[in-house]
Amino acid sequence: MRGLFFFLGMSACAASELDVREVLELPEHFATPDVPLTNPPTPEAIELGRWLFYDERLSGNQTQSCASCHLQEFAFADGLQRPVGSTGQTLPRNSQGLANVAWASSLTWASPFLVDLEQQIHVPLRAENPIELGMNDGNEQEILDRFLDDPDMVERFALAFPDTDGAVTTNAVVLALASFLRSMVSSRSPYDRFLQGDRDALSAAAERGLTLFNTHPRECFHCHNGTQLTTAYRDASSEPGFLVPQFFNTGLYNVDGEGSYPPHDQGLFEATGDPRDRGRFRVPSLRNVAVTAPYMHDGSVETLREVVLHYAAGGRVIEDGPFAGDGRLSPLKSSFMIGFPVDDDEIDDLVAFLESMTDDTFLSDPRFSDPRKATVAP
């Protein structure tokens, strides 16, 4: 009997994983993401999340939606140095793309504590300094009532969460948005086709760039590796509680000669209080990186060519102004930031490789588009 129970348990787990893969339409070369048991993805929850993602009624003053700072044509980044919230406050950090966020083991530029989408979504909803969407205790019910007054949305909540009789709650909003974000799978770039065995998928320049990317002395793969090209990675088979380093100081600043970053933007240090964490920020995925400019946590680097030159130099030199300093000499920068010689042809090849990660289909896929403007293909 014990063996039978074990077999049944294993079968249930396998079926659950198969369900996740089917609902999210995962390619074979992607591992199954780590999805919480409390929020299994369903087509109905994903579709509700898509409607909510594009709905300005979700903001306190009804001027912004999630899509205001996450645009599909930019792989759900926004093309700005720093986004602006619904009340006009400028956010301190660059808006990250959302492609393949289901595999992310951390979800903001500098917090080790926000590790699940269901946690993180509360930040743009409720953040007070700066305000993003502007939900708070005073207007939360007013915001929910906007959807309660919409029969079509009430029906969508009921379809997505039949066990709660379709209650329109903040929790339901968060669960639906998380499901939609997990469905944003980008897997059809030339680089993906190359990974799947198509040796003609990459241009000659991109292939040379791939070799440069993965060899000494550049060794970019130390921080950008695996199918999602980031150490900030987790899937269903990852060991609970085990995470490889995912926050690094890249010598972008060295304000005081001791490795400090601008006082308003100290990175991981703001969460841990450990002085060694000053200037450490999350390693972003490189998927669709060619369309997510500008770069770095503060959007202070405009082009991929400049990004390559920054790493080749081993840090950035700022000659004057309040944040002047030589990042190459920062005692806090990562040991991987050693710099390397590079010529124009090699820069071109590295950029060509980075451009090969662009999934053009993802950037226009109607499954992720505004449902009020696009029709999902059957």
Side-chain angles (χ1 to χ4, degrees), residues 24-31 33 67 69-81 83 94-104 180-214 218 220-221 223-233 282-297 299 301-311 345-370 374 377:
L24 297 183
E25 301 183 34
L26 301 183
E28 290 185 2
H29 66 299
F30 278 18
C69 296
H70 298 282
L71 284 69
Q72 186 173 8
E73 61 264 37
F74 298 125
F76 294 98
D78 66 359
L80 302 176
Q81 182 175 16
N94 182 253
S95 181
Q96 299 191 60
L98 299 177
N100 299 349
V101 71
W103 288 271
F180 176 55
L181 295 180
R182 289 194 178 97
S183 79
M184 289 183 176
V185 178
S186 176
S187 62
R188 290 165 286 184
S189 68
Y191 180 62
D192 286 294
R193 298 198 299 273
F194 183 81
L195 290 178
Q196 292 173 297
D198 181 357
R199 295 302 152 184
D200 296 323
L202 297 184
S203 68
E207 280 207 58
R208 292 193 299 269
L210 171 60
T211 300
L212 292 169
F213 189 89
N214 286 315
R218 292 150 296 269
C220 315
F221 69 91
C223 296
H224 297 284
N225 55 42
T227 56
Q228 303 311 325
L229 296 148
T230 174
T231 56
Y233 174 87
R282 176 181 178 271
V283 178
S285 170
L286 295 181
R287 286 191 164 273
N288 298 293
V289 67
V291 300
T292 62
Y295 303 104
M296 306 303 188
H297 72 279
V301 178
E302 294 186 1
T303 69
L304 285 176
R305 192 175 190 84
E306 290 177 69
V307 171
V308 173
L309 287 171
H310 167 74
Y311 286 100
D345 289 340
E346 290 173 327
I347 294 173
D348 290 341
D349 290 344
L350 282 165
V351 170
F353 171 58
L354 295 173
E355 290 173 340
S356 78
M357 299 173 196
T358 302
D359 178 355
D360 289 321
T361 303
F362 177 76
L363 305 182
S364 59
D365 193 324
R367 292 176 301 162
F368 312 127
S369 299
D370 187 342

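The model shown is predicted, which means the values in this text are computed figures rather than measured ones. Below, all heavy atoms of this structure are taken into account, side chains as well, without hydrogens, waters or symmetry copies.
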Could you tell me whether the side chain of [Y] reaches within less than 4.5 Å of the side chain of [X], counting heavy atoms only?
X: Val185; Y: Trp103; value: yes
X: Phe194; Y: Ser189; value: no
X: Leu286; Y: Phe353; value: no
X: Tyr295; Y: Glu306; value: no
X: Val283; Y: His224; value: yes

Measure across [X] and [Y] and return the closest heavy-atom pair with its distance rounded to 0.1 Å.
X: Asp365; Y: Arg367; answer: OD2-NH2, 2.7 Å
X: Pro190; Y: Ala201; answer: O-CB, 3.3 Å
X: Gly209; Y: Leu350; answer: O-CD2, 3.6 Å
X: Cys69; Y: Ser95; answer: O-OG, 2.8 Å
X: Leu24; Y: Pro33; answer: CD1-CG, 3.9 Å
X: Asn94; Y: Leu80; answer: ND2-O, 2.9 Å

His29/Asp192 under side chain to side chain contact (heavy atoms under 4.5 Å, CB included): CA gap, chis, key distance, verdict: CA-CA 8 Å; His29 66 299; Asp192 286 294; 2.8 Å; yes
Under the salt bridge (charged side-chain N to carboxylate O under 4.0 Å, His left out) test, residues paired with Arg282 that sit two or more places apart: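 Testing Arg282 for salt bridge (charged side-chain N to carboxylate O under 4.0 Å, His left out), a comparison that skips the adjacent residues, returns none.
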Distance (rounded to the nearest 0.5 Å) between [X] [atom1] and [Y] [atom2]:
X: Asp359; Y: Arg193; atom1: CG; atom2: CZ; result: 9.0 Å
X: Leu71; Y: Thr292; atom1: CG; atom2: OG1; result: 13.0 Å
X: Ser356; Y: Tyr191; atom1: OG; atom2: OH; result: 8.0 Å
X: Ile347; Y: Leu212; atom1: CD1; atom2: CG; result: 10.5 Å
X: Asp78; Y: Glu73; atom1: CG; atom2: CD; result: 10.0 Å
X: Thr230; Y: Asn225; atom1: OG1; atom2: CG; result: 7.5 Å

Residues Arg208, Thr211; criterion side chain to side chain contact (heavy atoms under 4.5 Å, CB included); working and verdict: CA-CA 5 Å; Arg208 292 193 299 269; Thr211 300; 5.7 Å; no
Check ion pair Arg305-Asp348 (N to O, under 4.0 angstrom):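 Salt bridge present between Arg305 and Asp348.
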Plane angle bin for Phe368 and Phe180 - parallel if under 30°, tilted between 30 and 60°, otherwise perpendicular: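 Correct class here is tilted.
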Donor-acceptor pair between Asn100 and Ser285 side chains, under 3.5 angstrom: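 No, no side-chain donor-acceptor contact under 3.5 Å.
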Donor-acceptor contact below 3.5 Å, side chain Glu302 vs main chain Gln81: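 Not a single qualifying donor-acceptor pair exists.
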Audit row: His70, Leu181, side chain to side chain contact (heavy atoms under 4.5 Å, CB included) steps and yes/no: CA-CA 11 Å; His70 298 282; Leu181 295 180; over 6 Å; no
Full working for side chain to side chain contact (heavy atoms under 4.5 Å, CB included) between Leu229 and Met357: CA-CA 10 Å; Leu229 296 148; Met357 299 173 196; 3.4 Å; yes
